[in-house]
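The next block holds one structure in the form of structure tokens; read it before the comments.
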Amino acid sequence: MMETKKKGLLLTITGPTASGKTALAVEIAKELQTAIISCDSRQVYREMCIGTAVPEAEFLDAVKHHFIQTTSIQEPINANDFGLSVRDKLDELFQEHNTVVMVGGSGLYIDSVLKGIDDIPSPDPNVRCEIQRKIDEGRIDELRAELFRVDPIYYNSIDIQNPRRVLRGLEVYETTGVPLSSYLGNKQNRDFASAMIVLELDRGKLYSKINQRVDHMMEQGLIKEAESVYEHRNLTSLQTVGYQELFEYFDGTINLNEAIEKIKNNTRQYARKQETWFRRYDEAFRISALEKSRIMKLIKEICWK
RNA sequence: GGUGCCAUAGCUCAGUAGGUAGAGCACAGGACUGAAAAUCCUGGUGUCCUUGGUUCGAUCCCGAGUGGCACCA
């Protein structure tokens, strides 16, 4: 069989939040003299910096980073937009580099870049609002029945308990007149090679790093940052750990200590969900986040291939 | 010192007309192709404070002890 010519290698570094991805990626990118693509659904927003743990200035200065603070919370992006933009950017970067480093913990965004995503027309936002209204009114059964009628294939493929999935199927059908399932299976495979490293850290260590990091964010002025975006609290991009809890504090429903504890709890849960997601990447190299020299050795082996 | 109330899951608490227990949170596992730091599903946590008594049987009733809280001195 003829192997299609690959443009270059995308080396993805992932792992749960606070596992040390950022610093490691910078070190690797320096070693390989290449650029970094951030794969983080929240660091793309300019208005959120402290709470999303955007890399420190010294890191950003040392290596060219892409997709960090490039858009506004008022112009939200989604997994599809992200995947397409990254692929465009990679075309450009592979002209100059054999290897590019991608680092981040947003699983769906990683998939969008590596596996691609089917081309589905963007639904009408008003349609979404209308369907959401019905969900809020408790009419989910009605919506499920409707979805079953218009798109039984999709209906049978999703978690029908999850209103988001039901909504998704209906919003596509209602705006395009065509079932969502008919758009599936035509995605564009990537034209570059891929290798992935998943950083691992035992729960105890991970949780204490998370706690420390939250305390550090508070010292850096997370409250002030949250205040500055409070008026936009309903935007999708602000459905984010570290902000929603402080908004509750601003509202007076909880006190500051409770808010901080909640941020820590929710960050822990986020880390756990990330780990669940990463277990699906069975082609990935899994390695302890603490063994830096082993990681660097592994990188060299991967890149020599 | 006296009186009253309380003691049940890691935490906050519910409960059993006496048949060894349950919610929320925490914790753990899972799903996930355009909101993904989102959304959804699943799971169990236990000397029911100690000790004597009543009873076929006590976490529950009675006595004593210990600890906590409140009030009175």
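Scope of the values below: all heavy atoms of this structure, side chains included, with no hydrogens, waters or symmetry mates. As the structure is a computational prediction, the values presented were derived from the model and not from experiment. Throughout, protein chains are lettered first and strands after them, A, B, ... in sequence-line order, and every chain is numbered starting at 1.
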field: Whole-Å gap separating P (B:rC32) and CZ (A:Phe278)
entry: 15 Å
field: Whole-Å C1' distance, B:rA70 and B:rU59
entry: 25 Å
query: Rounded to whole angstroms, how far apart are CZ on A:Arg168 and P on B:rU33?
result: 11 Å
query: Does one side chain, of A:Tyr270 or A:Gln274, offer a donor that lies under 3.5 Å from an acceptor on the other?
result: yes
query: If only atom types and distance count, is the side chain of A:Glu174 paired as donor or acceptor with the main-chain N or O of A:Glu171 below 3.5 Å?
result: no
- prompt: When all nucleic acid strands are considered with a 4.0 Å heavy-atom cut-off, which category describes A:Ser112: base, sugar-phosphate, or nothing?
  reply: nothing
query: Does any donor-acceptor pair link the side chain of A:Arg279 with the base of B:rG30 at a separation under 3.5 Å?
result: no
Show which side-chain atoms of residues 37-44 of chain A pair as donor or acceptor with protein atoms under 3.5 Å away, not counting sequence neighbours.
unit_1  : atom_1 : unit_2   : atom_2 : d
A:Asp40 : OD1    : A:Arg42  : N      : 2.9
A:Asp40 : OD1    : A:Gln43  : N      : 2.9
A:Arg42 : NH1    : A:Gln239 : O      : 2.8
A:Arg42 : NH1    : A:Thr240 : OG1    : 2.8
A:Gln43 : NE2    : A:Thr52  : O      : 2.9
A:Gln43 : NE2    : A:Ala53  : O      : 3.0

field: A:Glu27 CD to A:Lys292 NZ distance, which is reported to the nearest 0.5 Å
entry: 4.5 Å
message: Please give the distance between the C1' atoms of B:rA58 and B:rG18 as a whole number of Å.
response: 6 Å
P-based separation of B:rC71 from B:rG57 [nearest Å]: 43 Å
- request: Output yes when at least one side-chain N/O atom of A:Ser41 is less than 4.0 Å from OP1 or OP2 of B:rA36, else no.
  value: no
- request: Taking side chain to side chain contact (heavy atoms under 4.5 Å, CB included) as the test, write out the residues that go with A:Ile153, two or more places apart.
  value: A:Asp151, A:Ser181
- prompt: Between A:Glu258 and A:Asn255, is there a donor-acceptor pair closer than 3.5 Å when you use the side chain of the first and the backbone of the second?
  reply: yes
Contacts of A:Lys115 that satisfy salt bridge (Lys or Arg N to Asp or Glu O under 4.0 Å) - sequence neighbours left out: A:Asp111
query: Passes salt bridge (charged side-chain N to carboxylate O under 4.0 Å, His left out), A:Lys134 versus A:Glu137? Steps please.
result: CA-CA 5 Å; A:Lys134 290 182 182 168; A:Glu137 287 170 3; over 6 Å; no
- prompt: Does any non-hydrogen side-chain atom of A:Asp61 lie less than 4.5 Å from one of A:Glu58?
  reply: no
- line: Atom CG of A:Asp111 and atom P of B:rC32 are separated, to the nearest Å, by 10 Å
- prompt: What does A:Ser106 touch in the nucleic acid at a heavy-atom separation under 4.0 angstrom: a base, only the sugar-phosphate, or nothing?
  reply: sugar-phosphate
query: What integer number of Å spans the C1' atoms of B:rA9 and B:rU20?
result: 15 Å
task: Please report, rounded to the nearest Å, how far the P atom of B:rA35 is from the CD atom of A:Gln244.
output: 17 Å
- request: Using side chain to side chain contact (heavy atoms under 4.5 Å, CB included) as the criterion, list what pairs up with A:Asp215, not counting sequence neighbours.
  value: A:Ile260, A:Lys264
- line: Among the nucleotides B:rA36, B:rC40, B:rC32, whichever has the atom closest to the side chain of A:Pro163 is B:rC40
field: Selection: residues 248-275 of chain A, any non-hydrogen atom under 4.0 Å of RNA chain B
entry: A:Asn265, A:Arg268, A:Gln269, A:Tyr270, A:Arg272, A:Lys273
- request: Let me know the distance between CG of A:Leu108 and P of B:rA31, rounded to the nearest Å.
  value: 14 Å
message: At a heavy-atom distance below 4.0 Å, what parts of residues 129-136 of chain A sit against RNA chain B?
response: A:Gln132
Pairwise P distance, B:rA64 and B:rA17 [rounded to whole Å]: 26 Å
query: Which part of the nucleic acid, if any, lies within contact of A:Lys187, taking any heavy atom under 4.0 Å across all strands shown: a base, the sugar-phosphate backbone alone, or nothing?
result: base
query: Would you call the rings of A:Phe94 and A:Phe192 parallel, tilted or perpendicular, where under 30° means parallel and over 60° means perpendicular?
result: tilted
message: With rounding to the nearest 0.5 angstrom, report the CD1 to CZ distance, A:Ile36 to A:Phe59.
response: 9.5 Å
field: Separation between the P atoms of B:rU12 and B:rC72, rounded to whole Å
entry: 27 Å
field: Any residue of residues 200-217 of chain A with a heavy atom less than 4.0 Å from an atom of RNA chain B
entry: A:Arg203, A:Tyr207
message: Expected output is a numbered-order residue list: members of residues 142-162 of chain A with a heavy atom under 4.0 Å from any atom of RNA chain B. What is it?
response: A:Asp159, A:Gln161, A:Asn162
- request: Considering only atom P, compute the distance from B:rC49 to B:rC11 and round it to an integer number of Å.
  value: 13 Å
- line: Contact check, residues 72-89 of chain A vs RNA chain B, heavy-atom distance under 4.0 Å, returns A:Ile77, A:Asn78, A:Asn80
message: With clusters defined by side-chain heavy atoms of hydrophobic residues (ILVMFWY) lying less than 4.5 Å apart, directly or transitively, does A:Val26 cluster with A:Ile295?
response: yes
message: Heavy atoms only, 4.0 Å cut-off, all strands: where does A:Gly51 land among base, sugar-phosphate and nothing?
response: base
task: Whole angstrom is fine here: how far is it from CD in A:Gln43 over to P in B:rA37?
output: 11 Å
task: Under the side chain to side chain contact (heavy atoms under 4.5 Å, CB included) rule, collect the residues that match up with A:Leu235, sequence neighbours excluded.
output: A:Ile73, A:His232, A:Ser237
- prompt: Separation of A:Leu167 atom CG from B:rU33 atom P, in whole Å?
  reply: 16 Å
task: Would you indicate whether A:Asp119, at its atom CG, is surrounded by more than 12 heavy atoms from other residues, nucleotides or ligands within a distance under 6.0 Å?
output: no
field: Touch class at under 4.0 angstrom, heavy-atom based, for A:Asp119 against every strand present
entry: base
query: Is a donor-acceptor contact shorter than 3.5 angstrom present between the side chain of A:Arg165 and the base of B:rA38?
result: yes
- prompt: If you check the A:Ile117 side chain, which of B:rU33, B:rA35, B:rA38 turns out closest?
  reply: B:rU33
For residues 217-225 of chain A, tabulate all N or O donor-acceptor pairs below 3.5 Å that involve a side-chain atom, not counting sequence neighbours.
unit_1   : atom_1 : unit_2   : atom_2 : d
A:Glu225 : OE1    : A:Cys49  : N      : 3.3
A:Glu225 : OE1    : A:Ile50  : N      : 2.9
A:Glu225 : OE2    : A:Cys49  : N      : 3.0
A:Glu225 : OE2    : A:Ile50  : N      : 3.0
A:Glu225 : OE2    : A:Gly51  : N      : 3.1
A:Glu225 : OE2    : A:Tyr243 : OH     : 2.5

- request: Answer with yes or no whether the side chains of A:Asp136 and A:Gln132 bring together a donor and an acceptor at under 3.5 Å.
  value: yes
- prompt: Can you tell me if A:Arg213 and A:Thr17 form a side-chain donor-acceptor pair at under 3.5 Å?
  reply: yes
query: To the nearest angstrom, how far is A:Tyr109 atom OH from B:rC32 atom P?
result: 18 Å
Distance, C1' atom - from B:rC48 to B:rA36, rounded to whole angstrom: 42 Å
Stems where RNA chain B pairs, listed by first number, each of three or more Watson-Crick or G-U pairs under 3.5 Å: B:1-7 with B:66-72, B:10-13 with B:22-25, B:27-31 with B:39-43, B:49-53 with B:61-65
